[in-house]
Amino acid sequence: IFLASSLLGSAQEPAKKQMSREELIEKLEADLTGAKLIGQFTVAGREAQSPKAEEYTIASAVKLPEGDMWLLKSRIKYGDKDATVPIPLEIKWAGDTPTIALTDLAIPGLGTFTSRVIIYEGRYAGTWQHGKVGGHLFGRIERSTGDQPAAAK
């Protein structure tokens, strides 16, 4: 009886209000501005190695007027790399879920990258490619503590 009532109870919960595209964009701008993505990345072909730490601090995320283009001012930290750069990228929507799409984007001092990253409920996950090397990335999204360099503000 408990199991049946639990299943029925969850089926009777009110449905979430469906947000308009404009509301989704406003929410994503607010969620990403001042956010820190803290996680790990793997390297394909090196599955025996533990994932490596990565961190991205987003000073600002702004939807640009053209199509699905956004500008993220981001501090990128992985391995011995640590740089703050403006990154123009596409964000596509699968229903209420944003997907970051970079294709062969040259980031000064870091190289050329391709990635697909979904964002949902305080987490991110996706794939990355840097030349012939690629893998997966995943982690959580937190509010930044304001430790980004002055150039990112």
Side-chain angles (χ1 to χ4, degrees), residues 14-153:
K16 281 185 178 179
K17 176 190 171 279
Q18 199 161 20
M19 297 172 72
S20 70
R21 178 58 46 97
E22 292 77 22
E23 290 171 319
L24 289 169
I25 289 168
E26 286 177 17
K27 181 179 181 325
L28 185 60
E29 284 181 336
D31 288 349
L32 291 182
T33 296
K36 188 177 278 192
L37 283 64
I38 302 169
Q40 302 174 25
F41 70 94
T42 65
V43 178
R46 299 183 191 162
E47 286 77 8
Q49 293 181 355
S50 295
K52 308 266 190 252
E54 67 175 1
E55 188 175 294
Y56 307 91
T57 300
I58 302 173
S60 65
V62 178
K63 166 76 174 73
L64 300 175
E66 311 85 45
D68 294 322
M69 294 304 296
W70 288 64
L71 183 64
L72 274 60
K73 285 188 182 173
S74 303
R75 180 179 182 190
I76 301 169
K77 289 170 54 174
Y78 72 93
D80 63 351
K81 305 288 185 184
D82 187 349
T84 300
V85 292
I87 301 175
L89 50 80
E90 282 186 296
I91 296 183
K92 302 283 191 179
W93 293 87
D96 65 352
T97 304
T99 301
I100 295 173
L102 290 188
T103 303
D104 296 328
L105 179 71
I107 300 175
L110 299 176
T112 301
F113 293 86
T114 295
S115 68
R116 300 294 184 268
V117 180
I118 63 165
I119 297 171
Y120 195 74
E121 303 242 340
R123 292 181 295 271
Y124 69 94
T127 63
W128 66 275
Q129 192 70 34
H130 181 190
K132 294 183 180 194
V133 180
H136 295 95
L137 54 99
F138 53 93
R140 67 189 184 283
I141 302 171
E142 297 181 354
R143 299 309 310 157
S144 175
T145 57
D147 63 352
Q148 63 263 32
K153 294 180 181 175

Peer 1: If you define the side chain from C-beta out and look only at heavy atoms, does anything of Glu55 sit under 4.5 Å from Lys36?
Peer 2: yes
Peer 1: Got a donor-acceptor contact below 3.5 angstrom from the Glu26 side chain to the Ala30 backbone?
Peer 2: no
Peer 1: Quick one: pull up CG in Leu64 and CG in Leu71 and give me the separation to the nearest 0.5 Å.
Peer 2: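 Reported value, rounded in 0.5 Å steps: 5.5 Å.
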Peer 1: Looking at Arg123 and Glu121, is any side-chain nitrogen of the basic one under 4.0 Å from a carboxylate oxygen of the acidic one?
Peer 2: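 No, no charged N to carboxylate O under 4.0 Å.
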Peer 1: Can you confirm whether Thr99 sits close enough to Ile119 that some side-chain heavy atom of one is under 4.5 Å from a side-chain heavy atom of the other?
Peer 2: no
Peer 1: Measure the spacing between CG of Asp68 and CD of Glu90 and express it to the nearest 0.5 Å.
Peer 2: 6.0 Å
Peer 1: If every non-hydrogen atom of Met69 is compared with every non-hydrogen atom of Pro88, which pair is closest and at what distance?
Peer 2: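 Closest approach of Met69 to Pro88, heavy atoms only: CE-C, 4.1 Å.
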Peer 1: Given the rule in the salt bridge (Lys or Arg N to Asp or Glu O under 4.0 Å) test, do Glu29 and Lys63 qualify, once you have shown the distances and angles that lead to the verdict?
Peer 2: CA-CA 7 Å; Glu29 284 181 336; Lys63 166 76 174 73; over 6 Å; no
Peer 1: Mind checking whether Leu28 and Trp93 have side chains closer than 4.5 Å, heavy atoms only?
Peer 2: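 Contact flag for Leu28/Trp93 side chains = yes.
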Peer 1: Are side-chain heavy atoms of Lys52 and Gln40 found at a separation under 4.5 Å?
Peer 2: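 A side-chain contact under 4.5 Å is absent here.
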Peer 1: Is it true that a side-chain atom of Arg116 and a backbone atom of Leu102 form a donor plus acceptor pair closer than 3.5 Å?
Peer 2: yes
Peer 1: Roughly how far, to the nearest 0.5 Å, is OG1 of Thr57 from CG of Leu37?
Peer 2: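 Interatomic distance, Leu37 CG to Thr57 OG1, rounded to 0.5 Å: 8.5 Å.
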Peer 1: Ile38 vs Tyr56, test: side-chain contact (heavy atoms from CB on, under 4.5 Å). Steps then yes/no.
Peer 2: CA-CA 7 Å; Ile38 302 169; Tyr56 307 91; over 6 Å; no
Peer 1: Using 0.5 Å steps for rounding, measure from the CG atom of Leu105 to the CG atom of Leu110.
Peer 2: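 So the gap between those two atoms works out to 10.0 Å.
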Peer 1: Identify the two heavy atoms, one from Glu23 and one from Gln18, that lie closest to each other, and give their separation to 0.1 Å.
Peer 2: OE1-O, 4.4 Å
Peer 1: Can you give me the closest heavy-atom contact between Ile25 and Trp70, atom names plus distance?
Peer 2: O-CH2, 3.7 Å
Peer 1: Do the side chains of Thr127 and Leu137 get nearer than 4.5 Å, heavy atoms only?
Peer 2: no
Peer 1: Decide yes or no for Ile141 and Asp31: does some side-chain heavy atom of the first lie under 4.5 Å from some side-chain heavy atom of the second?
Peer 2: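 They are not in contact (no side-chain heavy atoms under 4.5 Å apart), so the answer is no.
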Peer 1: Okay, side chain of Glu47, backbone of Gly45: is any donor-acceptor separation there less than 3.5 Å?
Peer 2: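 Yes: the side chain of Glu47 pairs with the backbone of Gly45.
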Peer 1: For Leu89 versus Ala101, what's the shortest heavy-atom pair and its separation?
Peer 2: CB-O, 4.3 Å
Peer 1: Does the side chain of Val43 come within less than 4.5 Å of Trp128's, by heavy atoms?
Peer 2: yes
Peer 1: Give me the atom names and distance for the closest heavy-atom approach of Phe138 to Thr42.
Peer 2: CE2-CG2, 4.2 Å
Peer 1: Is the side chain of Thr103 donor-acceptor paired with the backbone N or O of Thr114 at a distance under 3.5 Å, no angle test?
Peer 2: no
Peer 1: For Ile58, does its backbone N or O pair with a side-chain atom of Ser74 as donor and acceptor, under 3.5 Å?
Peer 2: no
Peer 1: For Asp104 and Thr112, run side chain to side chain donor-acceptor pair (under 3.5 Å): C-alpha distance rounded to whole Å, both residues' side-chain angles, the deciding distance at 0.1 Å, then the answer.
Peer 2: CA-CA 6 Å; Asp104 296 328; Thr112 301; over 6 Å; no
Peer 1: Taking the side chain as every heavy atom from C-beta outward, state whether Tyr124 and Ile118 have any atom pair closer than 4.5 Å.
Peer 2: no
